[in-house]
Amino acid sequence: MTNNAQPEEGKRSLNFIEQFVEEDLANGKNDGRIHTRFPPEPNGYLHIGHAKAICLDFGIAERYNGKCNLRFDDTNPSKEEVEYIDSIKADIHWLGFDWEDREFYASDYFGKLYDFATELIKRGLAYIDDQPASLISEQKGTPNKPGIESPYRNRSVEESLDLFRRMNEGEFEEGSRVLRAKVDMTSSNMHKRDPIIYRIMKCAHHRTGDTWKVYPMYDFAHGQSDYFEGVTHSLCTLEFEVHRPLYDWFIDQLKEGDYRPRQIEFNRLNLTYTVMSKRKLLQLVQTGQVLGWDDPRMPSLSGLRRRGYTPASIRNFVDMIGYTKYEAMNDVGLLEFAVREDLNKTATRVMGVLRPLKLILTNYPEGQEEQLETVNNPEDENAGTRLLPFGRELYIEQDDFMEDAPKKFFRLSPGNEVRLKSAYIIKCEDFVKDPKTGEITEVHCTYDPLTKSGSGESRKVKGTLHWVSAKHAIDAEVRLYDRLFVDEEPDGHKDKDFTEFLNPESLERLSNCKLEPSLANAKVEDRFQFTRLGYFCLDSKDSKPGNLVFNRTVPLKDSWGKGNR
RNA sequence: UGUCCGAUGGUGUAAUGGUAACACAGCUGGUUUUGGUCCAGCCGUUCAAGGUUCGAGUCCUUGUCGGACAACCA
């Protein structure tokens, strides 16, 4: 895929990270080696924001013949679970990326990190602090006010060494002591004010079991893990920019040669009408606002997958929005464009009526049936054709009939003609209305046998409708999704909680839908365009043979619906 | 009242000191057996002020506005 902003044909401009990488290559850094990593914490499901990082980490490696590791940053056993590891791996593979044999864990380096921490103590660069969290936090100061030094800061190396060992042997309670790096309590960078690098956690780890009673903090594990793995470019999001000086400080103490990972920060993905933080997404799941992490309304990769989004559409979307240092708000409409663009080329066109209205062809012989040929995809010559059963009684969309139609209504209304897609031109002669409710219950038309599709008949009519044969139609449930929030930036209001902006109409379930019979054989991976309506796929969880459930991925662009009605 | 980072059409990005452009959105029109797709066109942009320069979106200074940072989370 090409970048959206191209200086000229065939020449994609580089983003600022690629430019740095090419500079490093040109300068002969790391012997021309390019090595990245994607470092998720296994404490939740991946969302489309992670996809942006994945595309960059794996994409840079691919582009420059390098490697990209998958490394789970599993330094907090109280929050992390194996279940998440499996889902993360599945999502990355689904997007089309592979880490080969380089599946690593920060916990692989617990031994090395412990030794390094011990070494820091020996060099007088770390100490055990016996104070409670509240005091440590108080002494830390604020961004405007320097911190003050802990009374334990200058305790002896021997004492710290002894305490650290005993902390790991389980001798002390959680929270009673921590190991702190001795950096600078007056630094303007909060992260360098003697950061906590090890804490006591009497908690089994999913990989190391009960080997450890102390666990490194993320800040003490992340940069070093990159170093241990030979990562050349540590790509992460903007909020870690202020952590970089601390990572550099640790690497300064650790490194032996010239090599050190280069951290480059880029903007995270923000989408209109949605929230992206794991915490908020989890809240939606736990409060039942959505039906799980893979609810098709969620921006999680599992949700988007279930909704019908394709890996290609997500990768193209990510490519279109780019990587910068500006905290942007991306229009969710661009994501929808990306999936339409992909599906338009590949999805089989089928007939499906969501809100059925009975249509009777009064001059079509009772009991007669025929099979009409229709193309599977006008955008793909090789997609072939199939047969559609046709008869006297059909269903059309309720929206496609109006008793009193405005001039620009190109569909069915009394006295008007339309074409039934791949079938005949019909004329509306009459209709039946429920006298109590005013609801139209039946439309009566005549068909013109000379206008059969493909017969060469050249008469033109303004409108073409989709339809299904009443006798042959299969029943299905169809779920229509709308954006989860009614506000462009639901978590952008200081005085209001994001849940106040939940869209009560984000899910609409239609249970009486009529589909063409071929859809009885639909498979979960199949993508369809329901003609004139949108793109749909089988729901991977709830659909069963004989009880089909389809999800609408995205509606077709609709220039009629825009303001004409 | 700190440090760091940023600011280009409605949105997102490009232009790497030399004609401000691409995509989406919006609006016209054409084609069409999908009011889709496709095609043609229109709309509209460098935060402000100074400076350097033959020439500044780009470099410098100051200001304005926005974001990040004060978890024994990552």
Side-chain angles (χ1 to χ4, degrees), chain A residues 2-7 12-16 19 39-41 43 73-76 78-80 129 132-133 136-138 140-147 174-180 187-191 193 196-201 215 217-219 221-222 237-245 265 267 272 278-279 320-331 333-338 340-341 344-345 349 374-375 378-379 408-411 418-423 425 451 453-454 457 460-466 529-534 555-562 564:
Chain A
T2 53
N3 192 287
N4 59 346
Q6 294 181 44
R12 174 186 179 277
S13 58
L14 301 178
N15 65 46
F16 79 103
Q19 289 176 35
E41 183 189 14
N43 72 340
D73 271 341
D74 55 352
T75 53
N76 186 350
S78 70
K79 287 190 178 173
E80 294 148 7
D129 195 331
I136 290 177
S137 152
E138 224 173 89
K140 203 147 217 172
T142 72
N144 295 316
K145 202 184 86 193
E174 286 188 15
S176 62
R177 286 184 168 84
V178 290
L179 179 67
R180 290 227 255 168
S187 173
S188 58
N189 185 321
M190 297 292 293
H191 299 279
R193 319 243 264 231
I196 292 168
I197 58 176
Y198 260 94
R199 77 287 212 192
I200 301 169
M201 290 187 98
Y215 290 93
M217 298 288 290
Y218 172 84
D219 275 352
H222 186 81
T237 46
L238 251 20
E239 69 269 27
F240 291 104
E241 203 155 12
V242 282
H243 295 241
R244 185 168 10 113
E265 307 87 4
N267 60 344
T272 55
K278 268 192 210 172
R279 201 204 92 234
M320 286 189 280
I321 60 173
Y323 299 86
T324 67
K325 302 202 72 161
Y326 173 72
E327 189 108 16
M329 176 59 69
N330 292 281
D331 190 341
L334 194 59
L335 179 61
E336 293 171 349
F337 165 79
R340 284 194 193 102
E341 184 189 41
N344 176 53
K345 290 178 297 195
R349 270 61 169 175
T374 189
V375 299
E379 304 297 315
K408 288 172 84 175
F409 186 77
F410 301 150
R411 310 177 190 182
V418 297
R419 173 171 288 281
L420 294 178
K421 170 91 181 156
S422 301
I425 291 177
T451 59
S453 194
E457 163 67 42
K460 299 287 181 197
V461 288
K462 216 50 168 138
T464 300
L465 307 188
H466 61 280
Q529 185 196 102
F530 285 15
T531 301
R532 297 211 301 141
L533 297 176
L556 250 32
K557 204 167 141 188
D558 180 9
S559 55
W560 162 248
K562 275 220 159 96
N564 294 304

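Everything numeric in this text was worked out from a predicted model, so none of it was measured.
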Worksheet item: Are the side chains of A:L556 and A:Q529 in touch, meaning some heavy atoms are under 4.5 Å apart?
Response: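 Yes. Closest side-chain heavy atoms under 4.5 Å.
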Practice prompt. Report yes if the side chains of A:H243 and A:H222 come closer than 4.5 Å at any heavy-atom pair, otherwise no.
Written response: no
By the 4.0 Å heavy-atom rule, please label [X] as base, sugar-phosphate, or nothing.
{"X": "A:Q529", "value": "base"}
{"X": "A:T464", "value": "sugar-phosphate"}
{"X": "A:N189", "value": "nothing"}
{"X": "A:F409", "value": "base"}
{"X": "A:F240", "value": "base"}
{"X": "A:K278", "value": "nothing"}
{"X": "A:A328", "value": "sugar-phosphate"}

Practice prompt. Compare the ring of A:Y326 with the six-membered ring in the base of B:G6 and state whether they stack (centres under 5.5 Å, planes under 30°).
Written response: no
Discussion item. Using the side chain to side chain contact (heavy atoms under 4.5 Å, CB included) criterion, which residues pair with A:Q19? Sequence neighbours excluded.
Written reply: A:L14
Item to complete: Can you sort out the partners of A:E138 under side chain to side chain contact (heavy atoms under 4.5 Å, CB included), two or more places apart, ordered by chain and number?
Response: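 For A:E138, the residues satisfying side chain to side chain contact (heavy atoms under 4.5 Å, CB included) (neighbours in sequence not counted) are A:L135.
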Discussion item. Just verifying a value: how many Å separate A:S176 OG and A:R199 CZ, rounded to the nearest 0.5 Å?
Written reply: 14.0 Å
Discussion item. What's the separation between atom CZ in A:R340 and atom CG in A:L335, rounded to the nearest 0.5 Å?
Written reply: 10.0 Å
Discussion item. Which residues pass the salt bridge (Lys or Arg N to Asp or Glu O under 4.0 Å) test with A:D331, not counting sequence neighbours?
Written reply: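 Residues passing salt bridge (Lys or Arg N to Asp or Glu O under 4.0 Å) with A:D331: none at all.
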Worksheet item: To the nearest Å, how far apart are A:L238 CG and B:C4 P?
Response: 15 Å
Worksheet item: Is it the case that more than 12 heavy atoms not belonging to A:K145 sit under 6.0 Å from its NZ atom?
Response: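 Result for NZ/A:K145: open.
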Tell whether [X] reaches the base of [N] with its side chain through a donor-acceptor pair below 3.5 angstrom.
{"X": "A:D331", "N": "B:U11", "answer": "no"}
{"X": "A:R340", "N": "B:G36", "answer": "no"}
{"X": "A:R419", "N": "B:U33", "answer": "yes"}
{"X": "A:E241", "N": "B:G67", "answer": "no"}

Practice prompt. Could you encode protein contacts along nucleotides 59-66 of chain B as a string, one character per nucleotide from 5' to 3', using B for base contact, S for sugar-phosphate-only contact and - for no contact, with a heavy-atom cut-off of under 4.0 Å?
Written response: --------
Item to complete: Quick one: list whatever passes side chain to side chain donor-acceptor pair (under 3.5 Å) with A:T451, sequence neighbours left out.
Response: none
Practice prompt. For RNA chain B, list all stems, counting runs of three or more consecutive pairs where every pair is Watson-Crick or G-U wobble with both distances under 3.5 Å.
Written response: B:2-7 with B:64-69, B:10-13 with B:21-24, B:26-30 with B:38-42, B:47-51 with B:59-63
Worksheet item: For the side chain of A:T142, counting heavy atoms from C-beta on, which of B:G36, B:A70, B:A68 is nearest?
Response: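 Closest nucleotide to the A:T142 side chain: B:A70.
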